[in-house]
Structure formats: structure tokens, C-alpha cells
Asks: 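The structure that follows is given in the form of C-alpha cells.
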Amino acid sequence: MLHVDPIFAPTSVAPATLAAGGEAVPPPFTVARVLTETRLDSWLALGLVLAASLYLYGVYRLRLRGDRWPVVRTVCFLGPGLGGIAAVTVSGLGAYDTTLLSVHMVQHMVLSMIAPIFLALGAPVTLALRTLPVRPRKRLLAIVHSRIARVYSFPLVAFAIFVVNPFALYFTGLYEITLRHEWAHELVHAHFIMTGCVFFWPLLGLDPLPGRWPYPARALLMLLSVPFHTVLGLTIMQSTTLLGGDWYPSLHLSWSDPWNDQVVAGGVLWAGGEFVSVTMLAVLVVQWIKQSEREARRLDRELDRQEARQRAAEASA
């Protein structure tokens, strides 16, 4: 049965206008519906509220004992991080994610590329390690340094997962399954977030992860990821078959053509992927420069200490 969100019931669409499964066809997609048709009854909305609450509680605990936590990390985690996920899932965009492939691709970009980057820059693991009691902190460290975490956080493994997964999703029958079953669709949302975190956390994240590569190797891997969404986007734009099988034609939308929408969806991946990848490459270079400056200052301090010890030894002699 087709899944259409409840917001489509009280619309001006004629009751005789039905999709293949007998559900009312959704009304035309507008910016106003993105801003007004918000759903807060999903498990993802609850998870976002819980994650934000735990993060803010951790910051509060640090402030109580007089420790400092950078405001920019909090802004990154709550704003573009959790806020980005909310913007494409619990807003009106989420109501059209099984109706328009282009809307789904916007979700894909935000959930797998934009939001994970800012979640990583928020350093939640570091915050947890600084606020948790001893036993939970040891358990968290054991998880972070476990063999499974080492395998999945290894950059080449994460890169392979990040690149292969979208092709496996869109060019097999899996994508149609996610359109026809809500549980599978929600699972794909979580999968996008996890895939992006696995890829970007070792490259841009500030948390202590095992086996982290030096900055030159990270920059090279980030550079190799730039053409990935271009290839995927162009492949979708030039495809002679519709993604999702007969799902989109079965909706009989008078205000959207599935073929044109698929071209738009491919363009979203193409342009958005290149923009995000190049921007994140610039962020990585900035981190590299700052790390080099910190290392230079550390070496200067060490040389100063060695010189002071040498002068003291000469004076005592």
C-alpha cells in the first residue's frame, strides 16, 4: 500500500484523485508546506530531542565545575548537525520524501554529508568523556577503541562504504522497498546518517579516534571523494529507467513528471556533492594549518625549555 502522510488528507485535492494504492494524491509541493507541515510524532524527532538534551546537559555539567567548552562546538552540533537532520525529516520536506525523488535527494545530501560533518565538529564523544563518571567513561573508551570501531573508522573502509552504498541502494530493488515500507524508509534515514558519520568523523572530527591518518592522507582521501557524487548524479540524470520502479508513475501526479524530477534529483547530487566536498576539503586544510601552528608553538616552547636548562647548567658550572 502506498504510504502518504496524514497532512495530505485535509487538502483541496478531489477525493477521486487517487494513487495506485487508493490513497489521496498529495497536493503540489510548495515552500509554504515545507515551513508549516511539521511532524513531531516520529522516532527520529524523539531521538533528536534526546541527543540535544544530553549534549546541553553535558555542557551544563562542564560549566558547573568551571570548565570551558567552545561555543562553536555547541553551535555546530545543535545547529547544522541536529538541526539539519530535523530540517529534512520532521519538516514539510519529510512529508514529500516518498513523493518526489528530488526531495529525497536533498535528504540524502543533508543526512549523509552535511549533518554528519557538523556532528563530528561538535565533538560529542569528547564532551561525554569529560562529563561521564569513571565506569561509564571506561566503557565508552572501550567502545571507541574496540576492534569493530577500528575497522569501521579506518578511512579506506569508511570511504568504500560511503561510495558503494548509494549505488547499491538506487540501482537495485532496495530503493523501491524503502518507498513501499515506512520502516525501511526510516531505516534508510538512519543508515544515511551513520554512513556519513563513519566517513567524516575520522577525517574532520575532533574526537579521539584510533588509527587516525595524518592530515596529508586525509586531504587526499577527501579529494578522491569529490567526483563521487558527480558520477552518481550524472548516472541518475542519464538513466533510461526510473528509480523506484513504477512507484512514482503510480502516484499520477498532475503537477510533477517523474522523468523531469529524476533529472532534477541527479542535478542536486551533482552540484550539491561537489559544493559540499570542496567546502569540506577547505575545512580540512584549515584544520591542518592550525594543527601545524600548534605543533610549531609546542616545538618552540620545548626549545625554549632546553635553552633555559642549558643556561642554568652553565651558570651552575
Side-chain angles (χ1 to χ4, degrees), residues 1-31 33-34 37 39 41-44 85 87-112 164-193 195 229 231-270 272-273:
M1 178 178 291
L2 295 183
H3 168 70
V4 181
D5 292 296
I7 65 167
F8 298 137
T11 65
S12 60
V13 180
T17 307
L18 299 176
E23 299 285 349
V25 172
F29 177 78
T30 62
V31 176
R33 291 190 178 276
V34 174
E37 304 296 346
R39 295 180 56 192
D41 57 347
S42 67
W43 65 268
L44 189 55
I85 297 173
V88 296
T89 55
V90 300
S91 72
L93 275 177
Y96 285 85
D97 58 1
T98 58
T99 305
L100 295 172
L101 180 62
S102 55
V103 170
H104 169 81
M105 289 306 176
V106 172
Q107 281 187 329
H108 177 140
M109 293 297 303
V110 174
L111 296 179
S112 65
V164 171
N165 274 352
F167 285 95
L169 172 65
Y170 295 125
F171 298 107
T172 65
L174 289 176
Y175 182 60
E176 187 174 359
I177 293 175
T178 67
L179 294 172
R180 297 186 181 277
H181 301 280
E182 185 175 4
W183 64 267
H185 193 70
E186 297 292 334
L187 189 61
V188 165
H189 286 169
H191 179 70
F192 279 156
I193 298 171
T195 301
H229 278 93
V231 174
L232 180 60
L234 288 175
T235 303
I236 292 175
M237 293 174 70
Q238 297 173 0
S239 176
T240 57
T241 59
L242 285 174
L243 301 188
D246 62 349
W247 171 266
Y248 293 110
S250 71
L251 297 177
H252 302 300
L253 300 179
S254 61
W255 46 271
S256 176
D257 176 62
W259 290 102
N260 292 336
D261 187 56
Q262 182 161 305
V263 172
V264 174
V268 169
L269 282 178
W270 180 9

Asks: Which heavy atom of Val264 sits nearest a heavy atom of Ser102, and at what distance?
Replies: CG1-CB, 3.9 Å
Asks: Could you check if a side-chain atom of Pro258 sits within less than 4.5 angstrom of a side-chain atom of Leu101, using non-hydrogen atoms only?
Replies: no
Asks: Taking side chain as C-beta onward, heavy atoms only, is Gln238 less than 4.5 Å from Val263?
Replies: no
Asks: Do you know which two heavy atoms are closest between Ser256 and Leu100, and how far apart they sit?
Replies: OG-CD2, 3.3 Å
Asks: Rounded to the nearest 0.5 Å, what separation is found between the OH atom of Tyr170 and the OG atom of Ser239?
Replies: 13.5 Å
Asks: Can you tell me how far apart CG (Leu169) and OG1 (Thr178) are? Round to the nearest 0.5 Å.
Replies: 6.0 Å
Asks: Taking all heavy atoms of Leu93 and all of Ala87, pick out the closest pair and write down the distance.
Replies: CD1-O, 3.8 Å
Asks: Between His108 and Phe192, how do the two ring planes meet: parallel, tilted or perpendicular, split at 30° and 60°?
Replies: tilted
Asks: Nearest 0.5 Å please: distance from the CD1 atom of Ile85 over to the CD1 atom of Ile193.
Replies: 4.0 Å
Asks: Give the minimum heavy-atom separation between Ile177 and Ala184, together with the two atoms involved.
Replies: O-CB, 4.1 Å
Asks: Do Phe29 and Thr99 have side-chain heavy atoms sitting under 4.5 Å apart?
Replies: no
Asks: Starting from the C-alpha separation in whole Å, work towards a yes-or-no answer on side-chain contact (heavy atoms from CB on, under 4.5 Å) for Thr89 and Leu111.
Replies: CA-CA 9 Å; Thr89 55; Leu111 296 179; 4.2 Å; yes
Asks: Test of understanding: with salt bridge (charged side-chain N to carboxylate O under 4.0 Å, His left out), list the residues that count as partners of Glu186, not counting sequence neighbours.
Replies: none
Asks: Per the salt bridge (charged side-chain N to carboxylate O under 4.0 Å, His left out) rule, what does the pair list look like for residues 255-268, sequence neighbours excluded?
Replies: none
Asks: Can you confirm if the aromatic rings of His181 and His185 lie within a centre distance of less than 6.0 Å?
Replies: no
Asks: Between His229 and Trp270, is there a side-chain heavy-atom distance shorter than 4.5 Å?
Replies: no
Asks: When you compare the side chain of Pro166 with that of Leu232, does any pair of heavy atoms fall below 4.5 Å?
Replies: yes
Asks: To the nearest 0.5 Å, what is the distance between CD1 on Ile236 and CG on Leu269?
Replies: 5.0 Å
Asks: For the residue pair Asp246 and Glu176, what are the closest heavy atoms and their distance?
Replies: OD1-OE2, 3.5 Å
Asks: Heavy atoms only: give me the nearest Gly273-Met109 pair and the separation to one decimal.
Replies: N-CE, 3.3 Å
Asks: Which distance, rounded to the nearest 0.5 Å, do you find between the CG of Leu243 and the OH of Tyr175?
Replies: 7.0 Å
Asks: Looking only at the aromatic ring of each residue, does the gap between the centers of Tyr248 and His104 stay below 6.0 angstrom?
Replies: no
Asks: Can you tell me how far CG of Asp97 sits from NE2 of His189, rounded to the nearest 0.5 angstrom?
Replies: 4.5 Å
Asks: How about Thr98 and Arg180: do any of their side-chain heavy atoms sit closer than 4.5 Å?
Replies: no
